[in-house]
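Being a predicted model, the structure only gives us computed values, none of them experimental.
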Amino acid sequence: MQLKRLFFLLSLSLVGLTNAFTTDWLSSPVLAQEEQRPSPNVLPVSYGDQGFKFTSPDGLFSLAIQNRIQFRYANPFDRDPRSVEDLEREQTAFMIRRGRTKMKGHAYWPWLKYYFQYDWTDPILRDLNLTLDKYPWANLWVGRGKVVYNDERVTSSGKQQFVNRSILNDIFTVDRQQGLQLTGRLFEEEWYHFNYATGIFTGKGVGERDNDDNALMYSGRLQWNPLGGGVDFSQSDLELHESPALSLAVAAASNQSRCTAFATALESCRSLPGFEIGEPGQYRLNQMMQETRFKWHGLSVKQEWHGKEVIDNKKEATAPGRTTPMMGNLVQIGYFPHAAWAALPKELELAARYAFVDPDLNRASDLQQEFSGVINYFFHGHNNKLSLQLSHLTVEDPGTRGTSAAQRLWLQWDISF
């Protein structure tokens with residue numbers, strides 16, 4: 001009996017201690033914070049302009065996933081012509097021009113952001129990077145993605161005003177690279193508010209992980225926003241800015257490799273017309289860019305000037321150190337006529353573009369030009385739009401064929417979901 005009473009008393013004591021401990025633990029700040037978190041039974045999913053977004057109950061992780069398809073009809077060819085022979089191509093086609101999956105969000109901290117993009121049509125991993133986005137004046141970007149250099153290339157093809165980029169793009173783009181960038185915004189409340197970007201990259205594009213020489217690519221961009229706020233990397237004034245927005249920028253880049261141009265593909269090292277893929281470190285590329293962007297009341301104006309020199313340092317070359325200077329410029333203007341005439345659909349935009357490339361300033365009669373007009377209808381902003389573009393393209397032959405011209409028609413449906 002005494003053993004039973006002792007066991008009974010010990011049991012009561014243990015229950016009391018357990019209750020006391022449980023009460024203290026439940027009242028602790030840590031658990032109180034846990035209890036305020038969303039119930040794990042509630043599915044933290046939403047849908048918006050970035051697709052489906054998932055957020056962990058504690059808010060430490062997020063994921064937005066979006067798919068994009070670009071259907072295009074091209075007649076009589078799709079690629080930009082660089083020679084008279086290119087103008088004479090007959091390659092009319094229906095195509096899935098782009099088919100991509102994007103994922104973005106943050107991990108562990110709201111300021112540790114990631115971005116992933118895979119292209120199913122090439123196929124290739126286009127983007128994979130992390131950004132430490134804790135301070136507006138200094139964001140560190142590490143990984144694979146676009147060099148912050150010029151608007152036409154940095155702006156996503158899904159947010160372009162025209163069906164595709166101008167004839168300048170293939171010649172002057174520094175495209176996607178692997179490395180790191182530092183970007184930021186300073187003096188946001190002042191008239192001298194500006195953005196900056198500077199980066200160091202391997203300089204071989206995204207198709208190769210290793211460098212084949214000891215040289216790296218360096219780039220820098222400075223953007224002044226004299227009216228405050230500036231213009232984002234998204235074309236067309238879909239926001240119908242009530243106040244004018246203006247951005248003025250300059251940029252420069254330098255690289256030494258066997259490439260004279262780049263593309264986001266497995267063979268990302270490209271050669272410009274008149275050049276070949278060289279030996280490691282054979283070509284030195286020096287280039288610079290000046291840019292103007294403006295938006296106000298449905299009007300958007302954009303201009304880019306590019307200069308580039310290719311220095312061939314091949315030892316066996318007949319003229320080692322031969323320099324080929326290049327130049328190009330584009331101007332494009334877009335307008336939502338609903339802003340002036342309410343009877344027209346507010347989703348309708350009209351735009352025009354002129355661009356030229358001189359691939360060798362030392363040579364005469366080799367000018368390439370583009371005159372384009374486009375009609376856009378935005379069903380849901382850039383996420384769902386229909387575009388019809390007609391271009392008049394001319395190419396001068398430095399030989400004896402003179403100037404040739406051709407027209408190209410593009411019809412495109414770009415949809416993201």
Side-chain angles (χ1 to χ4, degrees), residues 37-72 95-134 139 141-148 151-165 175-176 181 183 206 231-240 264-265 295 346-347 349 376-387 411-417:
R37 292 175 179 172
S39 170
N41 296 324
V42 178
L43 191 62
V45 181
S46 60
Y47 184 81
D49 288 339
Q50 297 179 357
F52 289 95
K53 185 175 182 179
F54 304 82
T55 305
S56 63
D58 56 13
L60 296 180
F61 301 89
S62 70
L63 165 65
I65 182 168
Q66 185 179 63
N67 295 299
R68 175 173 165 236
I69 307 175
Q70 192 180 80
F71 302 96
R72 182 184 297 178
M95 68 191 82
I96 297 179
R97 183 61 177 81
R98 292 175 172 92
R100 301 178 182 178
T101 297
K102 303 177 183 179
M103 291 188 287
K104 63 191 302 184
H106 68 266
Y108 298 104
W109 300 279
W111 46 265
L112 181 58
K113 299 179 179 179
Y114 64 89
Y115 181 64
F116 165 94
Q117 181 177 203
Y118 193 83
D119 193 333
W120 302 97
T121 54
D122 281 333
I124 190 172
L125 176 63
R126 289 182 169 266
D127 301 273
L128 182 59
N129 52 69
L130 292 175
T131 302
L132 279 68
D133 189 14
K134 192 171 184 179
N139 301 324
W141 174 103
V142 181
R144 169 186 292 195
K146 292 179 180 178
V147 179
V148 182
D151 172 78
E152 185 174 46
R153 192 66 187 94
V154 176
T155 297
S156 167
S157 57
K159 295 184 177 181
Q160 296 278 326
Q161 191 167 47
F162 286 76
V163 169
N164 215 3
R165 298 178 174 94
D175 212 81
R176 287 177 169 88
Q181 297 184 91
T183 64
V206 299
V231 181
D232 294 334
F233 288 122
S234 178
Q235 298 176 11
S236 302
D237 187 21
L238 287 168
E239 303 84 0
L240 299 177
T264 305
K295 290 184 179 182
K346 63 181 180 180
E347 299 85 1
E349 183 192 33
N376 295 316
Y377 195 89
F378 297 88
F379 299 103
H380 189 79
H382 282 299
N383 281 350
N384 190 356
K385 64 181 177 182
L386 188 66
S387 301
L411 176 63
Q412 181 169 282
W413 181 26
D414 198 316
I415 181 169
S416 299
F417 53 90

**Complete:** d(Lys102 NZ, Arg126 CZ) to nearest 0.5 Å is 10.5 Å
**Message:** With heavy-atom distances below 4.5 Å as the criterion, would you say the side chains of Leu112 and His106 are in contact?
**Reply:** no
**Asked** Hey, is NZ on Lys146 packed in by over 12 heavy atoms from elsewhere, all under 6.0 Å?
**Response** yes
**Request:** Could you give me the CA-CA distance, side-chain angles and deciding distance for Asn164 and Gln412, then say whether side-chain hydrogen bond (donor to acceptor under 3.5 Å, both in side chains) is met?
**Result:** CA-CA 10 Å; Asn164 215 3; Gln412 181 169 282; over 6 Å; no
**Asked** Roughly how far, to the nearest 0.5 Å, is CZ of Arg72 from CZ of Arg98?
**Response** 6.0 Å
**Request:** State the OH-CG distance between Tyr114 and Leu128, to the nearest 0.5 angstrom.
**Result:** 11.0 Å
**Heavy-atom side-chain proximity of Lys346 to Leu240 below 4.5 angstrom** = no
**side-chain hydrogen bond (donor to acceptor under 3.5 Å, both in side chains) partners of Lys295, counting only residues at least two apart** = none
**Asked** Roughly how far, to the nearest 0.5 Å, is CZ of Arg144 from CD1 of Ile124?
**Response** 6.0 Å
**Asked** Please walk me through it: do Phe417 and Asn384 pass side chain to side chain contact (heavy atoms under 4.5 Å, CB included)?
**Response** CA-CA 9 Å; Phe417 53 90; Asn384 190 356; over 6 Å; no
**Message:** Quick one, Ile415 and Trp413 - any side-chain contact, counting heavy atoms below 4.5 Å?
**Reply:** yes
**Request:** Only counting residues at least two apart or in another chain, list the ones meeting salt bridge (charged side-chain N to carboxylate O under 4.0 Å, His left out) with Asp133.
**Result:** Lys113
**Prompt:** Considering residues, nucleotides and ligands other than Trp120, do more than 12 of their heavy atoms fall under 6.0 Å from its CH2?
**Reply:** no
**Asked** Looking only at heavy atoms, which two atoms of Val154 and Val148 are closest? And how far apart?
**Response** CG2-CA, 3.8 Å
**Request:** Mind checking salt bridge (charged side-chain N to carboxylate O under 4.0 Å, His left out) for Arg153 and listing every partner two or more places apart, or none if nothing turns up?
**Result:** Asp175
**Asked** Using 30° and 60° as the class limits, which term best fits the ring planes of His382 and Phe378: parallel, tilted or perpendicular?
**Response** perpendicular
**Item:** From Tyr115 atom OH to Thr131 atom OG1, the distance as rounded to the nearest 0.5 Å
**Value:** 11.0 Å
**Prompt:** Which residues pass the salt bridge (charged side-chain N to carboxylate O under 4.0 Å, His left out) test with Asp237, sequence neighbours left out?
**Reply:** none
**Item:** Distance, nearest 0.5 Å, that separates CH2 of Trp141 from CD of Gln181
**Value:** 5.0 Å
**Message:** Are the side chains of Tyr118 and Pro123 in contact, using a 4.5 Å heavy-atom criterion?
**Reply:** yes
**Asked** Taking only residues two or more places apart in sequence or in another chain, which ones pass salt bridge (charged side-chain N to carboxylate O under 4.0 Å, His left out) with Arg100?
**Response** Asp119
**Request:** Count the heavy atoms belonging to other residues, nucleotides or ligands that lie under 6.0 Å from CD1 of Ile96, then report whether that count exceeds 12.
**Result:** no
**Fill in**
Minimal heavy-atom distance between Gln235 and Gln161, with the atoms involved, is OE1-N, 2.9 Å
**Prompt:** Where do Arg97 and Thr121 come nearest, in terms of heavy atoms and distance?
**Reply:** O-OG1, 3.9 Å
**Fill in**
Between Leu60 and Ser56, the two heavy atoms sitting closest are N-OG, 3.3 Å
**Prompt:** Which side-chain hydrogen bond (donor to acceptor under 3.5 Å, both in side chains) pairs, counting each pair once, include a residue from residues 44-54, with sequence neighbours left out?
**Reply:** Asp49-His380
**Message:** Determine whether Asp414 and Gln160 satisfy the following criterion, side chain to side chain contact (heavy atoms under 4.5 Å, CB included), listing intermediate values before the conclusion.
**Reply:** CA-CA 10 Å; Asp414 198 316; Gln160 296 278 326; over 6 Å; no
**Request:** Walk me through it: do Phe52 and Phe54 pass the test ring pair (Phe, Tyr, Trp, His ring centres under 6.0 Å)?
**Result:** CA-CA 7 Å; Phe52 289 95; Phe54 304 82; 7.1 Å; no
**Prompt:** Which pair of heavy atoms, one from Phe233 and one from Asp151, lies closest together, and at what distance?
**Reply:** CD2-OD1, 3.3 Å
**Item:** Nearest heavy atoms of Arg68 and Gly158, plus distance in Å
**Value:** NH2-N, 3.1 Å
